[in-house]
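Treat the numbers as computed from the prediction; the structure is a model and nothing was measured. Lettering follows sequence order; numbering is per chain, from 1.
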2 protein chains.
Amino acid sequence: MYTIGQASLRSGVAVSLIRAWERRYGILRPARTPSGYRLYDDDAIARLRAMRGLIERGWSARQAAAAVLAQETTPRPRAIDAPEGGSTLIHATARYDPAAVEGALDDLFGRGSFEAVIDDLVLPAAVMLGEAWADGQIDVAAEHLASNAISRRLSALFDQGGLPGSGPRVLVGLPPDSRHELGALAFAVALRRLGVDVLYLGADVPVESWADAATESAAQAAVVGVVTARDVSPAMDVATALRAGRPDLVLAFGGGSAAGLSEIGEVTVLPIRVVEAAEVLRGRLR
Amino acid sequence: MYTIGQASLRSGVAVSLIRAWERRYGILRPARTPSGYRLYDDDAIARLRAMRGLIERGWSARQAAAAVLAQETTPRPRAIDAPEGGSTLIHATARYDPAAVEGALDDLFGRGSFEAVIDDLVLPAAVMLGEAWADGQIDVAAEHLASNAISRRLSALFDQGGLPGSGPRVLVGLPPDSRHELGALAFAVALRRLGVDVLYLGADVPVESWADAATESAAQAAVVGVVTARDVSPAMDVATALRAGRPDLVLAFGGGSAAGLSEIGEVTVLPIRVVEAAEVLRGRLR
DNA sequence: GCGTTCGTGTCAAGGGTTTGTACAATGTGG
DNA sequence: CCACATTGTACAAACCCTTGACACGAACGC
């Protein structure tokens, strides 16, 4: 929970303007301390950023406020391009326009809580980015630009997601040579927000390192991301190594290509949607 | 058990402030010697560090105290070493103890502003991590754990560092096949805090993508990271491609292996320290 | 074309709160 | 003895509150 000054720093909206927006449009209804100080959560910050992004793209304040308040069907009065999901992001990315990229992400993340937007808006937009790259619509560098921006958002959410050192401990990472970590990171965030003490290992973790981490960390579970078909075989290797070193470990696969992996005994295959995946894994623990 | 002076040293919280926190928020209830001296255990130190970390990340003291108090006294691992630079981080990393890793990073980042700590504390600690991995002291997975944590901190600083869309535009990234992006990210943060509109491309950017980004983004400058000796040749390729496509571009190399690269005409070789490097590049712009 | 209204961002005044730090006077421990 | 503790009070800077107003541009009515 942040005071209004911190909220201003994080959203880029001036303090007096935050208060004005609250007074005039009721866009926020922050909690209050006993002495009357406003307290903003991350959700509120996201809304502020979304509102700012819309205004910078030419919306009037009133319309932007209405759009942010009605987090469903955003009206499109006289906007040049209707913000509908990832296409705005793709355009901004293709133009190498960092302000527009941030604005598009503000819009995506600002439409609701992490859980509300990650599976239906953010990750689909990331997938669209990958497809746009594959189609030659955007260059690798542009794709990097946007992926890094999304990654930074998820990183911030990870660090804000819970206090380390509490809850059951779980390893999350990708098998060797696998590098598309956006999904794994999103899953780690979702898991952390459920009170799990996530050890996020990230991309490209060698098989022996998985085993070492599992034994040394005393984790209760390990989740291996299987993003592409090429990750299937390395993920199997990781699973067998983990089984050998830590037979008691709760083992799970997540990601788009995890479906064909259930052969190895007692490995949970998680749903593709990261929020559900996190809930399923959380249920296996304790 | 430590006296209040020792607790102050180990937590980085001033003596008088520890007492103030106890009085105002009841955050600690230290044992007492018969004569009334306060006695703190490792759990208390950890709470102090957690509180300090939250405050440094923008929470108000009262909110931070509430958060720390709300955290149930989950079984806390072992002792927390005296804070002396990267070795604490290495130990925490080797133990796969995420709370201790965060505590060590709280300590590193908490000793001053970004500019004050990045070159003398944070990046040296990252280098020590790499060396510890090379020496076999820690596993790859452990190194990933800590690197990702540092990367998340830097990401947050990047997003907080300035408003996108203002100031001169600069590309920052690594050449093909180069993946150690901590230094480049730190440099990007330093640059952004100087009011530069940084397009952070991240690791492993192909040569043609550099050229595409340079032409499409209308950037004023491009900074290519040269981390290891193996990056030298790819970085040269990037430089020649950029020169060909955008002769007017301000071109610079940064990183530990950038020294031998000044041959190509009019390429600035930046200092190793990222703060100075950012200032030098800033001076070349406009 | 011109005055008026409206929407919007910004600011000041006057007053309370938070928070880190400092000081005095005094006791403890090696 | 001296460094370090103790409690209690005090304080200044920074922060936040509300109310009300003001400036400026865009839209509107005449």
Side-chain angles (χ1 to χ4, degrees), chain A residues 1-41 44-45 48-69 75 77-79, chain B residues 1-41 44 47-69 110-113 163 166:
Chain A
M1 302 290 273
Y2 311 105
T3 58
I4 197 170
Q6 286 296 320
S8 169
L9 272 182
R10 280 154 206 272
S11 64
V13 180
V15 167
S16 52
L17 192 49
I18 296 177
R19 282 196 281 253
W21 283 353
E22 175 187 335
R23 182 175 11 145
R24 291 173 183 156
Y25 317 118
I27 182 178
L28 295 173
R29 201 163 298 272
R32 300 278 188 146
T33 68
S35 53
Y37 281 26
R38 292 171 176 82
L39 288 177
Y40 299 90
D41 56 16
I45 309 285
L48 287 171
R49 293 180 73 121
M51 174 122 173
R52 184 170 70 97
L54 290 174
I55 288 174
E56 276 165 7
R57 276 177 274 158
W59 293 44
S60 74
R62 183 165 299 283
Q63 287 162 337
V68 172
L69 273 177
R78 54 187 159 151
Chain B
M1 302 292 271
Y2 316 106
T3 62
I4 197 169
Q6 288 299 313
S8 171
L9 277 181
R10 283 163 199 266
S11 65
V13 180
V15 167
S16 51
L17 192 49
I18 295 177
R19 281 195 279 256
W21 284 354
E22 175 187 334
R23 171 168 23 104
R24 289 174 183 156
Y25 316 119
I27 184 181
L28 295 173
R29 203 164 299 273
R32 301 279 188 147
T33 67
S35 57
Y37 279 26
R38 291 173 176 81
L39 289 178
Y40 298 90
D41 56 15
R47 285 178 179 224
L48 288 171
R49 299 175 80 115
M51 172 114 175
R52 194 172 67 119
L54 288 175
I55 288 175
E56 273 153 13
R57 281 185 247 169
W59 292 49
S60 73
R62 171 150 263 119
Q63 295 298 312
V68 171
L69 276 177
R111 302 223 180 165
S113 67
L163 291 178
S166 59

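- Mapped onto DNA chain D by nearest heavy atom, R32(A) and G5(B) fall at different nucleotides, with G5(B) at the one closer to the 5' end.
- Counting only distance, with no hydrogens or angles, the side chain of R49(A) and the backbone of R10(A) share a donor-acceptor pair below 3.5 Å.
- Between R38(B) and P30(B), the closest heavy-atom pair is CG-CG, 3.7 Å.
- Between Q6(A) atom CD and dA14(D) atom C1' the separation is 12 Å, expressed in whole Å.
- One atom, CD of E22(A), and another, C1' of dC16(D), lie 13 Å apart when rounded to the nearest Å.
- Nearest heavy atom pair, residue A61(B) against residue M51(B), reads O-CE, 3.4 Å.
- With hydrogens and angles disregarded, a donor-acceptor distance shorter than 3.5 Å links the side chain of R52(A) to the backbone of S11(A).
- Atom CE in M1(B) sits roughly 16 Å away from atom C1' in dA5(D) (whole-Å rounding).
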>> Please evaluate residues Q63(A) and S60(A) with respect to the criterion side chain to side chain donor-acceptor pair (under 3.5 Å), reporting the C-alpha separation (whole Å), side-chain torsions for both, the decisive distance (0.1 Å), and the verdict.
In response: CA-CA 5 Å; Q63(A) 287 162 337; S60(A) 74; 3.0 Å; yes

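- A pairwise comparison of heavy atoms in Q6(A) and G58(B) identifies CG-O, 2.9 Å as the closest pair.
- The end-to-end axis angle of the helix from dG1(C)-dC30(D) to dG30(C)-dC1(D), rounded to 10 degrees and based on five pairs per end, is 30°.
- When every heavy atom of W21(A) is checked against every heavy atom of V13(A), the shortest pair comes out as CZ3-CG1, 3.6 Å.
- The 5' end of DNA chain D is approached more closely, in terms of each residue's nearest nucleotide, by R19(B) than by the other of R19(B) and I4(A).
- In this structure, L54(A) places its CG atom 13 Å from P of dT8(C), rounding to the nearest Å.
- Following rounding to the nearest Å, M51(A) (CE) and dG9(C) (C1') show an atom-to-atom distance of 11 Å.
- Sorted by first and then second residue, the pairs that involve residues 25-36 of chain B and meet salt bridge (charged side-chain N to carboxylate O under 4.0 Å, His left out), not counting sequence neighbours, are E22(B)-R32(B).
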> In B/S/- notation, 5' to 3', how is nucleotides 16-30 of chain C contacted by protein heavy atoms closer than 4.0 Å?
Replying inline: BBSBBB-----BBS-

